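Below is one structure; the comments refer to it alone.
Computed from a predicted structure; not experimentally measured. Below, chains carry the letters A, B, ... as their sequence lines are ordered, and counting in each starts from 1.
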Amino acid sequence: MAIDKKQLASTLQKLGPLIGLLIITVILIIASPNFLTVNNILNVFRQVSINALIAFGMTFVILTGGIDLSVGATLALSGALTAGLLNGGMDPLTAIIIGLVAGGVMGAVNGLLITKANIAPFIATLATMTIYRGFALVYTDGRPITGFESELFTLVGGGYFFGVPVPVIITIIIFAILFFILRKTTFGRNVYAIGGNEEASLLSGIKTGRFKIYVYALTGLLSALAGIILTSRLNSAQANAGFGYELDAIAAVVLGGTSLSGGRGWIVGTLVGALIIGVLNNGLNLLGVSSFYQQVVKGMVILLAVLLDRKKANS
Amino acid sequence: MEFLIEMSGIHKSFSSVQVLKNAAFQLKPGEIHALMGENGAGKSTLMKILTGIYKADSGSVKVKGRDVMFADPKEAEDHGVAIIHQELNIIPKLSVSENMFLGRQLTYGKTGIVRDKEMKRKTREYLQRLGVELDPEAAADTLSIGQQQMIEIAKALSKNAEVLIMDEPTAALTDREIEALFKMMDQLRREGVGIVYISHRMEEIFQMCDRISVLRDGAFLGTEKTADTKVEHIVRLMVGREIGERYPERSSKIGAERLRVENLSDGRKLSGISFSAAAGEIVGIAGLMGAGRTEIVRMLFGADKKKKGKIYMDGREVAITNPSQAIEAGIVFVTEDRKHQGLVLGMSVRENLSLTNYKRIASAGVISAKKDYELSDKMIKRFNIRTHDPEQTVKSLSGGNQQKVAIGKWLGELPKVFIMDEPTRGVDVGAKKEIYSMMNELSEQGVTVIMVSSDLPEVLGVSDRVIVIHEGRISSILDKAQMNQEAIMLAATGGSSNGH
């Protein structure tokens with residue numbers, strides 16, 4: 001019977017973030033008549049998709065026991081690059097692909113610094129964060145790149161498909177793929193193993209360095225995707241886009257119950273975590289709470305979630 | 001006062017699994033009392049109850065005749081009961097005296113300004129009482145494990161400990177350090193300190209202990225005077241059955257040369273390592289701690305970089321620069337430190353077993369859940385891993401069962417060369433014998449087994465040949481006819497002997 005109890009406890013632990021999301025949602029439905037409308041909900045989802053995509057990558061990084069502070073800068077540089085190429089007359093699909101590849105390369109550079117040069121992830125990505133942001137400023141010369149003519153490109157961030165915003169569809173597809181990778185593939189198993197015990201993983205024949213590079217490259221790629229969506233939706237690319245997004249992404253991962261020390265967590269939690277942040281932002285806006293207080297509330301929710309999580313883990 | 005410690009009728013369950021049933025234990029002043037039992041028998045739990053880490057469900061604990069039930073280890077210490085854990089509580093960058101007075105520094109009144117000189121003086125005093133010469137200003141991480149352990153013991157005694165619980169104190173010590181430790185224990189015994197000694201090493205227990213208490217499956221089976229009992233009797237009590245010879249019967253069928261190593265060196269410690277090993281052969285690697293045994297096998301496995309040298313498998317040179325190449329070549333490696341290097345403790349038994357067997361459960365990188373579960377079920381049965389559920393985390397298994405996972409994960413398919421570093425460290429007699437039998441079985445199927453071990457009787461009991469390492473070089477290779485404790489010790493300490 002004890003096993004059943006244990007399983008119940010672990011299920012509850014996994015469901016914790018979801019219950020939190022439901023509570024916040026119910027409160028907002030009661031508090032604001034404008035919250036539960038098709039338009040608003042779709043809007044929330046679209047806003048969340050940017051943070052969710054980055055946070056998905058961050059989940060992989062954190063599961064390996066690392067951290068990536070450069071995601072916001074990667075977003076800005078990739079977005080600006082794609083925008084610049086578009087305005088230079090490049091075919092939109094090619095420009096998008098180049099933007100994505102550039103993001104992947106930026107992530108891979110992070111991975112190389114961490115594995116080959118043996119720099120702590122926090123330090124390595126702190127440095128590249130500054131470097132990538134700097135390149136974005138150089139590339140845009142500090143001015144927004146705007147005025148895209150391609151209709152296809154506008155669709156990426158602003159289009160609808162059967163009434164659902166395209167960014168939401170992209171996020172759902174990416175989520176499904178990443179869920180499958182973490183759950184069902186040797187790649188996913190290795191990510192957990194490396195975070196759980198890197199030395200033992202290496203001695204089990206897992207090429208830990210290579211996998212960590214893949215993981216950072218994946219995060220770079222997803223950040224670039226978020227950057228391209230953002231650029232498309234705002235119809236403008238700016239060097240300071242995505243400023244502070246790394247913290248929102250980390251917050252989503254932590255809210256979702258993934259352990260910052262690595263090896264433990266899941267991507268469903270991250271999706272829920274991103275939704276909590278998105279719903280909270282939206283709800284507080286609707287309620288007319290000042291954006292200064294919104295920050296305070298957001299921070300307190302994160303603290304509360306972590307404290308509750310620890311309490312459950314101890315009991 | 002007859003007893004320092006009297007525990008009786010102790011019951012303890014963890015989520016409906018009963019780990020102690022009516023357990024009991026008594027300790028007299030001035031005795032060294034061995035507490036024995038297989039892994040998972042409840043020794044550690046019993047001692048954790050004594051020192052207030054766990055709370056008993058029922059039962060009585062008396063210290064010096066007074067009923068107590070400590071709330072935490074601090075309270076136990078205040079009553080003179082101290083425990084020296086297997087993993088030492090030493091802070092590496094702090095000095096000996098800073099470690100000694102950690103959390104209770106001497107200060108000028110309540111100012112918070114520490115009295116450095118006084119602490120150093122006292123540290124020297126405490127260490128001298130144990131007959132240990134150590135510089136109080138030396139950083140702890142510049143000392144050997146044995147010396148660090150002495151700090152812990154001195155620290156316990158400085159708090160007026162009358163009961164000292166030592167959990168596998170010799171596991172990481174060299175022979176000379178063990179000798180020093182034993183001398184110190186003798187000294188404490190004369191002073192009237194009671195020592196609870198937890199160990200799997202029979203020789204040590206029969207050498208040092210006055211009495212032996214045995215636990216099996218959480219129940220107390222009795223206390224014997226060491227002078228009136230025999231190893232066989234204790235083993236029978238511990239496992240509840242005859243396990244026969246300690247080292248299983250073995251008929252070696254040695255085949256063609258499998259592995260040849262030529263002139264291996266790491267540019268630091270090792271140089272000129274050359275040897276070969278045949279199919280079906282068990283080769284022991286012996287030597288003092290720190291001689292370079294582990295370094296040799298780690299290099300062979302690609303875990304550490306080699307500077308020079310060649311490795312041949314079945315006559316063909318193989319390039320090994322990382323573990324995955326070694327595995328590809330058929331070489332696998334069970335590390336000496338299973339917790340930090342062998343297992344992912346937070347993962348389940350199933351996940352640990354499958355980590356090295358992707359080939360059998362996955363295609364194109366996608367894992368078949370069905371094959372995954374089948375494989376782990378099969379392995380759990382085959383290696384007799386005691387777990388109530390393959391989804392149990394490896395962390396919650398007993399040491400012996402963890403070791404079976406660490407070994408079993410390599411046997412999804414038959415390796416060519418099976419390297420084991422201290423395969424039976426911290427493992428009880430029953431599990432030990434299972435591991436020896438497994439080694440025999442593998443060698444009968446033509447696997448080359450290379451075993452690094454500090455346990456000389458074990459090296460002699462299972463090896464066909466012994467390579468002895470001294471200061472980073474092979475000092476001697478002894479075959480079955482030449483093998484004995486004296487020859488190995490002589491070679492290990494630098495004396496030259498080839499048995500001629």
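With values rounded to the nearest 0.5 angstrom, Asn197(A) atom CG is found 9.0 Å from Asn352(B) atom CG. Between the OG1 atom of Thr356(B) and the CG atom of Leu203(A) there is a distance of 12.0 Å, given to the nearest 0.5 Å. A distance of 11.5 Å separates CZ of Phe333(B) from OG of Ser204(A), quoted to the nearest 0.5 Å. Between atom CD of residue Gln325(B) and atom NZ of residue Lys207(A) there is a gap of 7.0 Å, rounded to the nearest 0.5 Å.
Proximity to chain B involves both the backbone and the side chain of Tyr192(A), based on heavy atoms less than 4.5 angstrom apart. Looking at Ala364(B), neither its backbone nor its side chain comes within 4.5 Å of chain A, counting heavy atoms on both sides. Ile327(B) touches chain A through its side chain: at least one heavy atom from C-beta onward sits under 4.5 Å away, while N, CA, C and O do not. Only the backbone of Lys339(B) comes within less than 4.5 Å of a heavy atom in chain A; its side chain stays farther off.
The pair Lys184(A)-Asp372(B) does not count as a salt bridge, with every side-chain nitrogen at least 4.0 angstrom from each carboxylate oxygen. A salt bridge between Arg338(B) and Glu199(A) is absent, with no side-chain N of the basic residue lying under 4.0 Å from a carboxylate O of the acidic one.
No other option in Ile181(A), Asn190(A), Ile206(A) has as many heavy-atom pairs under 4.5 Å with chain B as Asn190(A). Listed options Ser201(A), Gly188(A), Gly205(A), Gly196(A) were ranked by heavy-atom pairs under 4.5 angstrom with chain B; first place goes to Gly205(A).
Residues Thr186(A) and Ile367(B) have side chains in contact (heavy-atom distance under 4.5 Å, counting atoms from C-beta outward).
The 12-atom threshold is not exceeded at CD of Glu328(B), counting heavy atoms of other residues, nucleotides or ligands nearer than 6.0 Å. The local environment of NZ in Lys269(B) is crowded, with over 12 non-hydrogen atoms from other residues, nucleotides or ligands closer than 6.0 Å.
Arg189(A) approaches Arg350(B) most closely through the heavy-atom pair NH2-NH1, 3.4 Å.
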